[in-house]
Amino acid sequence: MSIAVIKYNAGNIFSVECALQRIGANAVITDNKDIIMQADKVIFPGVGEASSAMQYLRENGLDTLIKNLTQPVLGICIGQQLLCSHSEEGNADCIGIFDAQVKRFIGNNDTDKIPHMGWNTISVKPNQFIPQSLDGKYVYYVHSYYVPVNEHTIATTDYIHPFSAALHKDNFYATQFHPEKSGDIGETILKSFLEL
Amino acid sequence: MLAKRIIPCLDVKDGTTVKGVNFVNFRNAGDPVELGQKYSRDGADELVFLDITASHEGRKTFVDLVKRIAQNISIPFTVGGGINDVTDVDRLLSAGADKISINSAALRNPDLIDGIARNFGNQVCVTAIDARFDNGEWICYINGGRIPTSRRLIDWAYEAQERGAGEILFTSMDHDGVKTGFACEALAMLSDKLSIPIIASGGAGDYSHFYDVFTQGKADAALAASIFHFNEIPIDKLKDYLNNNGINVRL
């Protein structure tokens, strides 16, 4: 199986490569359009800022390329957010696979810390990507912006209010949490994506 | 529900993990990569990897070591030491670090926080603060606790937040290495004043100190080094203890 990890101006891409290696999968980190289009699986990861990431993707023609991919695509963290229509972070128009507006967390009181950072549990809805057996398990989050619960939500996490922990639409899958940093649970989720 | 985090800190000097008592008299506590692997297996929630000599000697963090850690562990980690500009941050994130921690460089050049937040997002930027209680006030120190500044802890922590820091890692120099508990009063003050997560550092010596820092200290995470490195408090037993006492932790 060929796996392409999209290379762009967002951090943690090497972490994804390392996690894949730990589960015995080899990925190519690339911004080469032919390699991305021909890969069996595409991973769109990242730790970054939405508007500067979108600017980079547009300047390199990667936004259109991602939108037109037909194989299973997994967006992680900012990758999930960039697959939505718009983000409040830098008022960025995004790729628009998921019809959702990315919003910034607003705390209800002094005890709500932002970013949402650390390990939190997921509630898994019936879906073909995240195994039901992971319902209630801890995954790792680092984010200040979130995707509200919408028709594509397949898992939720409750922080201040429930938000989309994972999304699915057609061949596009996405997680707000970092499976590559979520220990054994994360590795199970990455394996599950590779088996789609 | 968001879990309270237990974070072993890997202070590194010349490629090996060290832990000072009040920042002097270093003792060797092993290979950082081996420790990272062990902690990941034991249930640590995160790791912090600090090149503690970097700001003093002007050295850059060892990117190769960061890469080796990233390859061998499956939990997040923060890298600090020797970060002076956005280019340094880019290189460390590319090497597999999830977050970066800045300390002296941010106090010398506060705009660095804005720059990191703008380029990589707020959540990447941990602002570490070493402070000591001098004449009735918490004063920030730079260069590994060697040089006092004119900044007060609470003012600087708040400014860092406003500039875009994603977390504050506060080390009490009075408590560090002494093992008599965390600086809960100062930590609670920070937690009340700020809206970003607070990582408590300095003073862990007993299971109950962690309970105290999450309740009285209102901390979001607790960091320690020597008690973990020398296996005085195994992380799995610590988390069982906290869970049994009503603290939400990842088991």
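Below, read A as the first sequence line, B as the second, and so on, with proteins coming before strands; counting in each chain starts at 1.
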- Output the option from B/Pro76, B/Gly121, B/Ala221, B/Ala117 having the highest count of non-hydrogen pairs under 4.5 Å with chain A.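 The residue among B/Pro76, B/Gly121, B/Ala221, B/Ala117 with the greatest pair count is B/Pro76.
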
- Task: Determine the option with the most heavy-atom pairs under 4.5 angstrom with chain A, choosing from B/Gly166, B/Ser40, B/Gly43.
- Result: B/Gly166

Part of [X] within contact of chain A (heavy atom distance under 4.5 Å):
X	value
B/Asn248	side chain
B/Arg118	backbone
B/Val249	backbone
B/Arg250	both
B/Glu167	side chain

- Query: Which of the residues A/Asp184, A/Val142, A/Val16 is involved in the greatest number of heavy-atom pairs with chain B at under 4.5 angstrom?
  - Reply: A/Val142

- Counting heavy-atom pairs under 4.5 angstrom with chain B, the leader among A/Asp158, A/Thr121, A/Ile114 is A/Ile114

If I compare all heavy atoms of [X] with all of [Y], which pair ends up nearest, and what's the gap?
X	Y	value
B/Met1	A/Tyr138	O-CE2, 3.7 Å
A/Arg22	B/Ser74	NH2-CA, 3.5 Å
A/Ser52	B/Asn119	OG-O, 4.1 Å

Pairwise side-chain contact, [X] with [Y], heavy-atom cut-off 4.5 Å (strictly under):
X	Y	result
A/Met117	B/Asp220	no
B/Phe77	A/Lys181	yes
B/Lys67	A/Cys18	no

Under 4.5 Å from any heavy atom of chain B - which part of [X]:
X	answer
A/His116	side chain
A/Ser182	backbone
A/Glu17	neither

- Query: Is the OH atom of B/Tyr158 crowded by more than 12 outside heavy atoms at less than 6.0 Å?
  - Reply: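 Count not over threshold, so no.
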
- Item | side chain to side chain contact (heavy atoms under 4.5 Å, CB included) partner of B/Leu2, the single match among A/Asn120, A/Asp112, A/Thr157 | A/Asn120

